[in-house]
Amino acid sequence: MTKNKLKNLETIDKQAFCQDLINWFVEEMRNLPWREDQDPYKIWVSEIMLQQTRVDTVIPYFNRFMEQFPTIEVLAEAEEEKVLKAWEGLGYYSRARNLHSAVKEVQEKYEGRVPDNLKEISSLKGVGPYTAGAILSQAYGIPEPAVDGNVMRVLSRILLIEDDIAKASSRKVFEKAVRELISHENPSYFNQALMELGAIVCTPTSPSCLLCPVREHCAAFHEGVQHELPIKTKNKKQREVHLAAAVLKDESGRTLIHKRAEKGLLANLWEFPNIEIHLPFKTEKVQLKEILKTEYGAEVELGEMVGTIDHVFSHLTWTIHVYEGTLTELKEEKTDLKIVSSEQIDIYPFPVSHQKMINQFYK
DNA sequence: TATTCGTGGGA
DNA sequence: TTCCCAAGAAT
């Protein structure tokens, strides 16, 4: 009853495949800042940043991050707010908080040395199956699979694997394939070459098969079905959320900002005070003024709506109606509220949606 | 297992 | 415009 999904593993010339793949990588690999040496810390940071994020986007963030936090020791002793600020604009901010937490654990529990075994490295926050394999193979030469989206796309074509790569369970199929194929002489280059091939040649929509170093090993190429793979089900449409936000200034031109909750969307980042609008209650302006008083202890004079910010996340969209106003009184001193000047505001990490508000309505 | 977690770029 | 995507992990 068990269908043999990896039928083409029996016929592929594994030795020749590895050789063709790695020889290509040696010639064509891009010069990337985290490839300058095999520092496990640099590889670790790069792999976290690269999760669901393009190489071109990561490069400047990685360089700045390494300048600011050059070693595990430095990062372990940094304030979380500084780490989030360095991550500002990169997205998926729990990556930064998990990395910071895990680096602290490595510093304390392993004397600052990144673990070189699957059990320990996998126990670190933010290190899942892919990242564990990437670090172990690239930093320590251990033949562990590092299966990301590239690897699933490439191998789905080479081995004609028709599992839905959108399903979490499919990753195991590809890990099994990698365990059969991986070069034990150079697992680092093998893993990186599969990803590099996916990024440069074996691309999602129009693979450059004529430039592919392993096309003679590729079942999909021989069948002419490379455009039909991988199989991937579509994702759902985003949920729409409406917000009303207030850019409030006190008599000296400073503005009120609020630190978001420590869990959930944009956790621990800062924002302008805002509320989600549920229709069809009072007008949003009245709701906003009311919440500012009850939840924030802020007495305000609100003007008319001055603009709209639209922002798209992967799973929802925000439409923010922006109100300007005057802060006349702030009753309590709360740690998640601050009144800051235009110079001080640059210290705080904001999501891109609120950076837009700073640029358009504050500075 | 399915959903939640960002952002910017390209088809 | 709309959709998908890009070196995934946590829950």
Side-chain angles (χ1 to χ4, degrees), chain A residues 25 29-30 32-35 42-62 84 87-99 101-102 121-138 145-154 164-172 174-175 178 188 190-200 202-206 227 230 232-239 241 260-269 271 310-318 349-356:
Chain A
F25 181 67
M29 71 166 143
R30 294 167 288 182
L32 300 173
W34 48 88
R35 284 178 175 166
K42 289 186 193 172
I43 292 169
W44 182 9
V45 171
S46 74
E47 290 301 339
I48 301 299
M49 287 187 170
L50 285 163
Q51 289 170 8
Q52 300 291 287
T53 311
R54 285 177 157 65
V55 167
D56 289 341
T57 302
V58 166
I59 289 172
Y61 280 92
F62 177 82
L84 284 173
W87 213 269
E88 185 183 63
L90 200 51
Y92 288 145
Y93 299 96
S94 66
R95 293 184 296 175
R97 295 187 298 116
N98 286 336
L99 173 63
S101 169
I121 203 167
S122 299
S123 74
L124 298 172
K125 283 186 181 176
V127 178
Y130 162 76
T131 304
I135 297 172
L136 290 176
S137 61
Q138 293 176 40
V147 174
D148 71 335
N150 284 311
V151 172
M152 289 196 282
R153 179 174 61 257
V154 170
D164 181 359
I165 67 168
K167 291 187 179 299
S169 58
S170 296
R171 199 196 67 252
K172 296 195 301 292
F174 293 91
E175 282 179 346
V178 171
S188 170
F190 179 90
N191 281 339
Q192 291 186 74
L194 274 185
M195 293 187 276
E196 197 90 340
L197 191 67
I200 295 174
C202 195
T203 51
T205 51
S206 54
H227 292 94
K232 187 178 185 191
T233 52
K234 289 180 254 187
N235 27 339
K236 293 192 271 188
K237 209 169 77 176
Q238 296 113 330
R239 183 169 55 95
V241 174
R260 294 176 60 87
E262 63 181 7
K263 289 188 175 181
L265 183 66
L266 305 170
N268 283 359
L269 271 66
E271 64 184 2
D310 292 302
H311 195 74
V312 180
F313 298 91
S314 38
H315 61 299
L316 58 86
T317 69
W318 272 357
F350 284 85
V352 169
S353 53
H354 287 250
Q355 290 174 30
K356 295 176 186 170

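Chain letters run A, B, ... following the sequence lines, proteins first and then strands; every chain starts at 1.
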Query raised in the report: Is it true that a side-chain atom of A/Thr53 and a backbone atom of A/Gln51 form a donor plus acceptor pair closer than 3.5 Å?
Result: yes
Query raised in the report: Would you call A/Trp44 and A/Leu99 a side-chain contact if the rule is heavy atoms closer than 4.5 Å?
Result: yes
Report summary line: Scoring nucleotides 4-11 of chain B by protein non-hydrogen atoms under 4.0 Å (B base, S sugar-phosphate only, - none) yields SBBBB---
Requested in this report: With sequence neighbours excluded, tell me which residues meet salt bridge (charged side-chain N to carboxylate O under 4.0 Å, His left out) with A/Arg171.
Outcome: A/Glu175
Requested in this report: State whether the side chain of A/Lys42 and the backbone N or O of A/Phe62 hold a donor-acceptor pair below 3.5 Å, judged by distance alone.
Outcome: no
Query - Sugar-phosphate only, base, or nothing, as touched by A/Arg260 at under 4.0 Å among non-hydrogen atoms - result: nothing
Report task. Would you classify A/Ser46 as touching base, sugar-phosphate or nothing, given that sugar-phosphate means primed atoms plus P, OP1 and OP2, and contacts are heavy atoms under 4.0 Å? Result -> nothing
Report summary line: Rounded to whole Å, the CE-P distance (A/Met152 to C/dC5) equals 11 Å
Query raised in the report: Reckon A/Val58 touches a base, only the sugar-phosphate, or nothing at all at heavy-atom distances under 4.0 Å?
Result: nothing
Query raised in the report: Under 4.0 Å: is that the gap between some side-chain N or O of A/Lys125 and OP1 or OP2 of C/dA10?
Result: no
Requested in this report: Check whether any side-chain heavy atom of A/Arg35 sits under 4.5 Å from a side-chain heavy atom of A/Arg30, and report yes or no.
Outcome: yes
Query - Out of C/dC5, C/dA9, B/dA2, whichever nucleotide has its closest atom nearest the side chain of A/Lys167 - result: B/dA2
Requested in this report: Would you kindly say whether A/Glu47 and A/Tyr130 are connected by a side-chain donor-acceptor distance under 3.5 Å?
Outcome: yes
Query raised in the report: If only atom types and distance count, is the side chain of A/Arg260 paired as donor or acceptor with the main-chain N or O of A/Glu271 below 3.5 Å?
Result: no
Query raised in the report: Between A/Ile165 (CD1) and C/dC5 (C1'), how many Å, whole number?
Result: 11 Å
**Report entry** Gap in Å between the two P atoms, one belonging to C/dT11 and one to B/dG6, rounded
**Finding:** 14 Å
Report summary line: Heavy-atom nearest nucleotide on DNA chain C taken for A/Val127 and for A/Leu32; more 5' hit belongs to A/Leu32
Requested in this report: Specify the separation, in whole Å, of atom CZ of A/Arg153 and atom P of C/dC4.
Outcome: 16 Å
Can you pull every protein N or O that's under 3.5 Å from an N or O on nucleotides 1-3 of chain C?
none

Query - Candidates A/Ile43, A/Val45, A/Val55 - the one meeting side-chain contact (heavy atoms from CB on, under 4.5 Å) with A/Trp34 - result: A/Val55
Query raised in the report: Taking atom C1' of B/dA2 as reference, at what distance in whole Å does atom NZ of A/Lys236 sit?
Result: 7 Å
Requested in this report: Kindly say whether A/Phe350 contributes a backbone atom to a donor-acceptor pair with the side chain of A/Glu88 at under 3.5 angstrom?
Outcome: yes
Query raised in the report: Taking the C1' atom of each, how far is C/dA6 from B/dT1, in whole Å?
Result: 23 Å
